[in-house]
Amino acid sequence: MGFLGKGLLEGMAVTARNFVGSYFDKERLVTVQYPEERVEVPENSRTFPFLVYDGTADKMRCVACKICETECPPQCIYIVMERDEKGKPLQRPKVFDIDISVCMQCQICVEVCPFEAIKMDNDYEKSQYGRFDELVEHLPDLLKSNEYYHKVKPSEATIVDAKLKADAEKKAKKAAPAAKPAAAAAPIPAAAPAARIVIPEDAPFNPEQRAWLSGFLSSLSPGVAPAAAAPQVASTAPATAPAEAPAGGWPWHDPGLGMAQRMDLAKTASFADKLMAAMAQTDCHACGYDCRGYADAIAGGAEADLSLCLPGEAETQRKLEELMKEAGKL
Amino acid sequence: MIQPLTEPAENRYTLTPGPEGLIETQTLEVSIGPQHPSTHGVFRMDCVLDGETVVQLKPVMGYLHRNHEQLAEKMAWLGSMPYTDRLDYFNSMTNNWAYALAVEKLAGIKVPERAEYIRVIVAELTRLLNHVCAIGFLLQDLGAWGTPLLYAFREREKILDLFEAVSGSRMMCNYMRFGGVRVDLDDKMLTAAKEITGRFPKFLDEFEKLLTNNEVLLARCQRVGILPKELAINASISGPMTRASGVEYDIRKVDKYGLYGRFDFRIPLGDVGDVYDRYYIRVLEMRESVKILQQALRDIPQGPHLAPEVKLRNFKVPTGDGYGRIEAPKGELGFYLVSDESGKQPYRYHVRPPSFINLTILEDMCLGHKVADVIIILGSVDIVLGEVDR
């Protein structure tokens with residue numbers, strides 16, 4: 001080991017080298033002078049969630065299915081679905097709050113969202129002067145455009161866009177052949193004018209109202225194949241279109257309809273169809289199936305839990321229990 | 001000691017001569033912590049001192065209790081994953097792995113090969129950053145203010161930058177999923193990992209030159225806080241602590257979980273079991289970790305990074321119980337899980353934290369040493385209070 005103090009001197013030499021090096025050696029110049037200088041944030045970096053909209057802020061992708069609210073480990077998300085004056089759900093959130101003092105930035109809400117509606121931001125400068133209301137983000141704070149998403153996460157956003165486009169095309173393709181047989185299956189002359197009355201193009205309705213009306217009116221006119229309304233819905237609200245519906249089937253599969261109307265449409269249908277009609281028809285997969293799959297699973301006995309339909313809330317659960325009781329299965 | 005005023009006047013302020021004519025002495029009770037920088041968090045040591053010598057020491061834990069286990073029993077399986085990050089917040093990657101391993105054992109999930117390689121890579125990088133920081137903090141406890149710790153942090157930061165690019169967060173990675181990892185490592189990240197691995201031995205050489213032969217370090221650490229081999233085994237100490245005492249026990253070799261059977265590495269062993277051995281064993285383990293990293297980065301195959309059959313939501317686990325354990329940087333980290341009929345959340349969830357169990361023999365190591373040595377003995381155990389209290 002040599003003389004006493006050799007180790008000390010060697011150590012001093014190391015610190016001296018580092019000290020001198022910290023003036024010119026790039027490897028030892030490690031301090032970043034924040035806030036004058038900033039480290040570039042990697043694309044995967046995450047801080048707090050935001051909601052994506054396409055184009056204008058009212059075209060948000062979120063349908064208020066509440067999957068993220070349920071899955072959020074620290075329970076920092078609070079959602080209330082928007083309803084019209086009749087109490088019919090409008091498939092978008094009225095309240096969407098995230099308490100960022102509770103949020104632990106785990107990204108599980110992003111992973112579970114089937115609509116690519118909630119994404120992680122990488123903005124880390126969120127300091128506020130208060131620690132209560134100031135740290136709760138409401139719907140207007142949370143809504144960011146798809147362009148913003150492209151800016152913060154370019155490659156991820158491109159993949160998501162491609163996926164959404166492919167989904168929409170698939171849905172449109174499925175909806176198109178459904179319309180043709182529907183038209184062909186309505187040869188009764190009386191039905192044709194009835195179908196024409198359903199929704200005049202120049203009627204003063206917004207797309208959601210039109211979609212709802214189409215379903216409602218088609219349920220009132222018995223001769224009309226209800227699927228005639230399907231392409232209309234598909235073209236106005238592609239995200240919630242009943243694309244999977246076969247020709248003439250599942251007229252209740254329209255998220256614009258209320259529970260009473262859906263049950264009315266499914267009056268004569270089979271037991272599984274009735275169960276399906278009790279659901280919220282968003283195909284949000286909150287239960288782990290689409291609406292059809294969940295109904296079939298309950299009817300077939302594979303799924304015993306009737307509380308899984310999150311967008312349907314207590315209404316759906318009550319209806320399902322009622323139907324199961326009627327059928328003597330509960 | 002000042003006598004209470006109720007004492008008779010003739011007894012007040014008198015010093016009775018002890019044996020051999022010395023003044024009679026008393027033991028002194030000192031509470032170190034919970035807010036004390038050397039306790040690495042909120043941890044308290046009730047010491048009884050005779051002069052400066054420790055005659056009794058009682059560790060007091062629980063100041064950071066967060067109900068982790070009970071919370072996990074109310075939550076879906078995946079929901080606990082981000083909470084495991086917060087156990088030992090230096091090593092979130094290995095915490096994730098231990099939990100994922102336990103669930104995978106319980107549910108019988110097969111992990112793809114590439115995912116296993118990625119897990120080995122991030123776990124060994126975690127070991128590097130944990131050990132380098134453990135040494136930095138130990139030196140901080142010794143009174144070497146700043147320098148070694150900041151050198152350690154400089155290296156750690158490079159690894160954390162990579163973790164942020166990979167998982168999205170520097171420390172709370174939440175990276176593993178049942179049946180693989182969340183994000184694949186792309187070429188850029190692999191290159192960064194290779195660069196870190198390539199440079200690390202050079203840094204270690206410099207770090208060792210600064211510390212290993214330093215006379216002050218030797219004088220303070222050698223023959224201090226000796227942990228005998230038998231006690232280490234009987235108290236079920238694990239990790240670098242037990243290997244410094246000469247017990248050849250490393251779960252990477254014993255269990256060969258993941259792909260550790262494939263890699264060529266050795267287990268460094270100490271022979272005295274003092275603070276210096278525990279310091280040096282960590283340096284040697286880092287060198288072995290670099291070896292594993294080089295092999296893993298060379299051999300990593302192409303393929304999926306996540307088992308495709310695993311559902312993210314409504315993930316259910318068959319009834320039964322399972323124990324998954326890994327060699328975390330601090331020792332054996334295990335998760336014991338029981339699943340009941342519902343299968344949606346654990347019926348029982350128990351963590352076996354290495355820091356907590358390694359801390360139980362603190363008194364045995366400290367008795368007879370000076371109070372200043374208590375601080376470095378605690379530093380050499382390498383605890384994180386998030387894991388001790390859960």
In terms of heavy-atom contacts, does [atom1] of [X] have more than 12 from other residues, nucleotides or ligands at under 6.0 Å?
X: A/K126; atom1: NZ; result: yes
X: B/Y89; atom1: OH; result: yes
X: B/N67; atom1: CG; result: yes
X: A/Y148; atom1: OH; result: yes
X: A/Y23; atom1: OH; result: no
X: B/R223; atom1: CZ; result: no
X: B/Y347; atom1: OH; result: no

Could you look at [X] and say if it's the side chain, the backbone, both or neither that has a heavy atom under 4.5 Å from chain A?
X: B/V183; value: side chain
X: B/M172; value: backbone
X: B/K188; value: neither
X: B/R170; value: neither
X: B/L211; value: neither
X: B/F207; value: neither

*Which of the residues B/M75, B/E157, B/M81, B/R86 is involved in the greatest number of heavy-atom pairs with chain A at under 4.5 angstrom?*
B/R86
Could you measure the distance from the [atom1] atom of [X] to the [atom2] atom of [Y]? Nearest 0.5 Å is fine.
X: A/M120; Y: B/S169; atom1: CE; atom2: OG; value: 9.0 Å
X: B/L218; Y: A/L8; atom1: CG; atom2: CG; value: 9.5 Å
X: A/Q107; Y: B/S167; atom1: CD; atom2: OG; value: 9.0 Å
X: B/L78; Y: A/I108; atom1: CG; atom2: CD1; value: 4.0 Å

Can you tell if the side chain of [X] reaches within under 4.5 Å of the side chain of [Y], non-hydrogen atoms only?
X: B/L210; Y: A/M12; answer: no
X: B/Y83; Y: A/C106; answer: no
X: B/E164; Y: A/N44; answer: no

*Measure across A/T15 and B/Y151 and return the closest heavy-atom pair with its distance rounded to 0.1 Å.*
CA-OH, 3.4 Å
_Ignoring hydrogens, what is the shortest heavy-atom contact between B/C173 and A/R46? Give both atom names and the distance._
O-NH2, 2.5 Å
Against chain B, label [X] side chain, backbone, both or neither, depending on which of its atoms sit under 4.5 Å from a heavy atom there.
X: A/V41; value: side chain
X: A/D305; value: side chain
X: A/E10; value: both

*asked:* For the interface with chain B, which of A/V112, A/I67, A/N18 has the highest count of heavy-atom pairs at distances below 4.5 Å?
replied: A/N18
*What do the steps show when you test A/Q105 against B/N174 for side-chain contact (heavy atoms from CB on, under 4.5 Å), and what is the final call?*
CA-CA 9 Å; A/Q105 317 177 351; B/N174 186 18; over 6 Å; no
*Determine, step by step, whether B/E215 and A/K6 satisfy the salt bridge (Lys or Arg N to Asp or Glu O under 4.0 Å) criterion, reporting the C-alpha distance in whole Å, the side-chain angles of both residues, the deciding distance to 0.1 Å, and the verdict.*
CA-CA 8 Å; B/E215 280 80 3; A/K6 181 162 171 275; over 6 Å; no
